[in-house]
Amino acid sequence: MPAVIVVGAQWGDEGKGKIVDYLAEPARVVVRYAGGPNAGHTLVVGGEKLIVRLVPSGVLRPGKICVMAQGMVIDPSLLVAEIDELVARGHALDGRLFISDRAHLILPHHVLADGLRETSAGPGRAIGTTRRGIGPTYEDKSARRGVMTGMLRDLDGARAAVTATLEAWRPFFQARGADLPTVDSVMTLLRNVAPRIVPLLTDTSAYIDKHLREGDTVLFEGAQGTLLDIDHGTYPFVTSSSAVAGGACTGAGVGPRAISRIIGVSKAYVTRVGAGPFPTELDDHIGERIRTAGAEFGSVTGRPRRTGWLDLPGLRYAVRVNSLDSLILTKLDVLTGLDPLRVCVAYDTPDGRTEDLPLAWMGRRDAIRPVFENLPGWTRPIDDVRSFADLPDQARAYVRFIEEHVHVPCNMVSVGPGRDAIIAVPSP
């Protein structure tokens with residue numbers, strides 16, 4: 001039963017969409033198991049750029065089955081708009097898009113609450129969310145008052161659930177002098193989208209299990225990254241779902257014994273969107289150069305991403321909590337022309353210890369000091385290189401240095417946005 005999980009090994013935005021699109025070629029099914037429209041995956045195929053926010057990244061591969069599992073939260077209006085855009089651009093979805101009837105719906109009050117919470121937060125307290133309603137929807141899910149996609153089959157029953165969740169949020173809106181959406185307005189929205197979504201609903205856990213038992217390759221696509229995981233990230237500056245590999249089992253409804261391989265995706269440097277600790281951040285011209293060369297702007301929000309040197313303790317942490325079998329390194333080409341290349345290999349803490357990833361200290365920027373090693377850079381452009389042997393010596397040494405320090409092999413490196421800009425890395 002070949003089941004492969006692809007997860008982000010940093011703070012998200014590692015290029016998982018491109019990697020899932022690439023790995024989907026031999027797969028039969030691609031499953032998105034967590035998150036919502038806050039996770040934009042950018043795909044570039046044949047010079048065409050497409051950003052998918054909800055539908056799995058395997059959608060650009062003709063004939064691939066795409067599954068949106070129960071761990072997701074789904075904005076029904078955005079989903080319908082995304083489906084329409086995909087179809088308009090020639091990507092037919094008939095018979096190959098399935099949605100869990102247990103996924104939860106993002107409703108208008110969730111989006112409004114998300115924005116109100118961010119704007120009313122005191123100095124240093126805003127999380128920096130995408131304001132897409134993801135957090136409030138997961139709050140309702142945990143509080144057992146969520147509205148699931150399956151309720152679209154019974155709009156009378158859905159009305160009772162919508163009434164309950166709106167009443168629970170009423171004090172929040174009143175305290176901020178904001179208008180709460182009415183039950184009738186939300187029900188009008190649900191009546192409009194139900195005919196489009198209900199035909200796609202199914203028990204996706206059973207559907208995935210059927211394909212695994214038939215020997216089909218199933219690719220599980222993560223959202224965000226390890227350091228944004230609600231349990232394992234830099235809390236409280238995290239997302240609202242389980243972004244690590246274990247989230248694939250709970251979010252898709254498969255047992256851990258079904259998983260055969262786990263692959264982590266990492267940039268050749270680090271980025272972060274929103275607030276929160278970032279020990280290797282570059283607040284200088286080098287950080288701006290990386291941002292410009294790497295087009296580091298949020299695919300959903302357009303916000304500039306924070307940039308920094310590669311964090312190997314963070315990668316080792318991702319290897320451990322995800323049980324990574326290997327890494328795929330993206331955007332190696334962005335580092336061209338930088339010399340030296342600095343790499344964080346450990347942290348010095350205030351009590352005189354050197355630690356691997358002292359998450360407990362990360363809330364205080366001045367509390368820990370990254371320990372860097374310098375590596376030589378390269379000047380020759382590598383975006384047209386398609387063989388590992390043809391990379392500059394310094395670029396190959398950079399990849400091998402990462403492998404040596406994180407204790408898993410790097411299977412591939414990406415040197416550009418296109419589908420073909422991927423290089424297989426031979427075993428050392």
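As the structure is a computational prediction, the values presented were derived from the model and not from experiment. Only heavy atoms go into these numbers, but all of them, side chains included; no hydrogens, no water, no symmetry mates.
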Colleague: Taking atom types as modelled and ignoring hydrogens, do the side chains of S185 and T182 form a donor-acceptor contact shorter than 3.5 angstrom?
Modeller: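 Yes.
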
Colleague: In sequence, state the C-alpha distance, the side-chain angles, and the governing distance for L105 and M148, and then conclude on side chain to side chain contact (heavy atoms under 4.5 Å, CB included).
Modeller: CA-CA 6 Å; L105 291 173; M148 294 191 293; over 6 Å; no

Colleague: Do H232 and Y317 have side chains that approach each other closer than 4.5 Å (heavy atoms only, starting at C-beta)?
Modeller: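 Touching, per the 4.5 Å side-chain cut-off.
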
Colleague: According to salt bridge (Lys or Arg N to Asp or Glu O under 4.0 Å), does anything in residues 100-110 pair up with another residue at least two apart or in another chain? List the pairs.
Modeller: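 Listed once each, the pairs are D101-R153.
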
Colleague: Where the side chain of R61 meets the backbone of D21, is there a donor-acceptor pair that is under 3.5 Å apart?
Modeller: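 At least one qualifying donor-acceptor pair exists.
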
Colleague: What I want to find out is whether R303 reaches E296 closely enough, with some N-O distance under 4.0 Å, to be called a salt bridge.
Modeller: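 So R303 does not pair with E296 through a salt bridge.
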
Colleague: Ignoring hydrogens and angles, tell me if any N or O in the side chain of E221 forms a donor-acceptor pair with the backbone of V20 under 3.5 Å.
Modeller: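 Pair absent, no side-chain N/O of E221 close to backbone of V20.
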
Colleague: Do V67 and I65 come close enough that some side-chain heavy atom pair is under 4.5 Å?
Modeller: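 Of all side-chain heavy-atom pairs linking I65 with V67, at least one is under 4.5 Å.
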
Colleague: Taking all non-hydrogen atoms of both residues into account, name the closest pair between T271 and W11 and its distance.
Modeller: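 Minimum heavy-atom contact is O-CB, 3.6 Å.
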
Colleague: Walk me through it: do Y269 and L282 pass the test side chain to side chain contact (heavy atoms under 4.5 Å, CB included)?
Modeller: CA-CA 11 Å; Y269 47 97; L282 289 163; over 6 Å; no

Colleague: Working to the nearest 0.5 angstrom, can you tell me the gap between S77 OG and N192 CG?
Modeller: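 Result: 8.0 Å between the selected atoms.
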
Colleague: Out of curiosity, F372 CZ to L312 CG, how far, rounded to the nearest 0.5 Å?
Modeller: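 Atom-to-atom, F372:CZ and L312:CG are 10.5 Å apart.
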
Colleague: What is the distance from atom CG of D184 to atom CG of L189, rounded to the nearest 0.5 Å?
Modeller: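 That separation rounds to 12.5 Å.
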
Colleague: Evaluate the side-chain proximity of L23 to I263: yes if any heavy-atom separation is below 4.5 Å, no if none is.
Modeller: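 Side chain of I263 against side chain of L23, heavy atoms only: contact under 4.5 Å found.
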
Colleague: Do T165 and D140 meet the criterion of a side-chain donor-acceptor pair at a distance under 3.5 Å?
Modeller: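 Side-chain D/A pair, T165 to D140: present.
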
Colleague: Check step by step if side-chain hydrogen bond (donor to acceptor under 3.5 Å, both in side chains) holds for T137 and H110.
Modeller: CA-CA 6 Å; T137 306; H110 295 135; 3.2 Å; yes

Colleague: Can you list every salt bridge (Lys or Arg N to Asp or Glu O under 4.0 Å) pair that touches residues 395-405, not counting sequence neighbours?
Modeller: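 Every pair satisfying salt bridge (Lys or Arg N to Asp or Glu O under 4.0 Å) with a residue in residues 395-405: D393-R396, R400-E403.
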
Colleague: Does NZ or CZ of R272 fall inside the cone over F278's six-membered ring, less than 6.0 Å from its centre and within 45° of the axis?
Modeller: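 No, R272 does not sit over the ring of F278.
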
Colleague: Any donor-acceptor pair under 3.5 Å linking the side chain of T330 with the backbone of E14?
Modeller: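 Checking the backbone N and O of E14 against the side chain of T330, a donor-acceptor pair under 3.5 Å is found.
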
Colleague: Hey, does V270 have a side-chain heavy atom less than 4.5 Å from the side chain of T307?
Modeller: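 A side-chain contact is absent here, since even the closest heavy-atom pair is not under 4.5 Å.
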
Colleague: With salt bridge (Lys or Arg N to Asp or Glu O under 4.0 Å) as the rule and sequence neighbours excluded, what pairs involving residues 380-391 come up?
Modeller: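 Residue pairs with at least one partner in residues 380-391: R386-D420.
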
Colleague: Is there a side-chain contact between V4 and I259 (heavy atoms, below 4.5 Å)?
Modeller: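 No, their side chains stay 4.5 Å or more apart.
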
Colleague: I need the single residue from V265, I422, I328 that forms a side chain to side chain contact (heavy atoms under 4.5 Å, CB included) with K18. Which is it?
Modeller: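 Exactly one pass, corresponding to I422.
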
Colleague: For a 4.5 angstrom cut-off between non-hydrogen side-chain atoms, does I197 reach L152?
Modeller: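 Counting from C-beta outward, I197 and L152 do come under 4.5 Å.
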
Colleague: Tell me, yes or no, whether the heavy-atom count around R89 atom CZ, taken from other residues, nucleotides or ligands under 6.0 Å, exceeds 12.
Modeller: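 Yes - once you tally the heavy atoms of other residues, nucleotides and ligands closer than 6.0 Å, there are more than 12.
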
Colleague: Would you mind listing every ring pair (Phe, Tyr, Trp, His ring centres under 6.0 Å) that reaches into residues 381-428, with sequence neighbours excluded?
Modeller: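 Passing the test, one end in residues 381-428: F401-H405.
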
Colleague: Checking side chain to side chain contact (heavy atoms under 4.5 Å, CB included) against I106, which of L54, V73, L78, I74 comes through?
Modeller: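 Exactly one pass, corresponding to V73.
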
Colleague: If only atom types and distance count, is the side chain of T149 paired as donor or acceptor with the main-chain N or O of S100 below 3.5 Å?
Modeller: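 Side chain of T149 to backbone of S100, a donor-acceptor pair under 3.5 Å: yes, one is there.
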
Colleague: What distance do L219 atom CG and R32 atom CZ have between them, rounded to the nearest 0.5 Å?
Modeller: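 CZ of R32 is found 13.0 Å from CG of L219.
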
Colleague: Is the side chain of E373 donor-acceptor paired with the backbone N or O of C344 at a distance under 3.5 Å, no angle test?
Modeller: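 The answer is no, because no donor-acceptor pair under 3.5 Å joins these two groups.
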
Colleague: For D75 and P37, work out which heavy atoms get closest and say how close.
Modeller: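 That would be CB-CG, 4.3 Å.
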
Colleague: Is a side-chain N or O of T280 found less than 3.5 angstrom from the main chain of W309, in a donor-acceptor match?
Modeller: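 Yes.
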
Colleague: Quick one: closest heavy-atom pair of A103 and A69, and the distance?
Modeller: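 Heavy atoms of A103 and A69 come nearest at CB-O, 3.8 Å.
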
Colleague: Any donor and acceptor pair, going by atom type alone, linking the side chain of K331 with main-chain N or O of P417 inside 3.5 Å?
Modeller: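 A pair under 3.5 Å: no.
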
Colleague: Is the closest side-chain heavy-atom distance between R305 and V273 below 4.5 Å?
Modeller: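 Answer yes - side chains close enough.
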
Colleague: Kindly indicate, with the supporting measurements, whether the criterion side-chain hydrogen bond (donor to acceptor under 3.5 Å, both in side chains) is fulfilled by W378 and T336.
Modeller: CA-CA 6 Å; W378 59 92; T336 299; 2.9 Å; yes

Colleague: Please report the C-alpha distance between M68 and Y33 in whole Å, then the side-chain angles of each, then the deciding distance to 0.1 Å, and finally whether the side chain to side chain contact (heavy atoms under 4.5 Å, CB included) criterion is met.
Modeller: CA-CA 7 Å; M68 298 168 60; Y33 63 82; over 6 Å; no

Colleague: Could you check whether any side-chain heavy atom of D216 comes within less than 4.5 Å of a side-chain heavy atom of L212, counting everything from C-beta outward?
Modeller: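 With C-beta onward as the side chain, the pair stays apart.
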
Colleague: Locate the shortest heavy-atom distance separating G12 from L228; write the atom from each residue and the value.
Modeller: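 Distance-wise, the nearest heavy atoms are N-CD1, 4.4 Å.
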
Colleague: Looking at D114 and R131, does any basic side-chain N land under 4.0 Å from a carboxylate oxygen?
Modeller: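 Not counted as a salt bridge, because no side-chain N and carboxylate O are separated by less than 4.0 Å.
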
Colleague: Working to the nearest 0.5 Å, report the span between CD of Q394 and CG of L338.
Modeller: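 Taking CD in Q394 and CG in L338, the distance rounds to 13.0 Å.
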
Colleague: With sequence neighbours left out, which residue pairs that include part of residues 311-328 fulfil the salt bridge (Lys or Arg N to Asp or Glu O under 4.0 Å) condition?
Modeller: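 Every salt bridge (Lys or Arg N to Asp or Glu O under 4.0 Å) pair that includes a residue of residues 311-328, provided the two are not neighbours, is R316-D356.
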
Colleague: Thinking salt bridges, do R306 and E281 make one under a 4.0 Å N-O criterion?
Modeller: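 Yes, this pair counts.
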
Colleague: What are the two closest heavy atoms between Y347 and P370, and how far apart are they?
Modeller: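 Closest pair (atom of Y347, atom of P370, distance): CD2-CA, 3.7 Å.
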
Colleague: Carefully, step by step, assess Q10 and T226 under the rule side chain to side chain contact (heavy atoms under 4.5 Å, CB included).
Modeller: CA-CA 6 Å; Q10 297 168 316; T226 298; over 6 Å; no

Colleague: Sequence neighbours left out, cut at 3.5 Å: what donor-acceptor pairs do the side chains of residues 235-243 make with other protein atoms?
Modeller:
| residue | atom | partner | partner atom | Å |
| --- | --- | --- | --- | --- |
| S242 | OG | D229 | OD2 | 3.3 |

Colleague: Any chance the side chains of R261 and S326 put a donor and an acceptor closer than 3.5 Å?
Modeller: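 Their side chains do contain a donor-acceptor pair, which is all the 3.5 Å distance test asks for.
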
Colleague: Using atom types as modelled and distance alone, determine if a side-chain donor or acceptor of R96 lies under 3.5 Å from a backbone N or O of K64.
Modeller: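 It does hold such a pair.
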
Colleague: If you compare all heavy atoms of A34 against all heavy atoms of A223, which two are closest, and at what distance to 0.1 Å?
Modeller: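 Of all heavy-atom pairs spanning A34 and A223, the closest is O-CB, 3.6 Å.
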
Colleague: With rounding to the nearest 0.5 angstrom, report the CG to CG distance, L315 to L310.
Modeller: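 These two atoms lie 5.5 Å from each other.
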
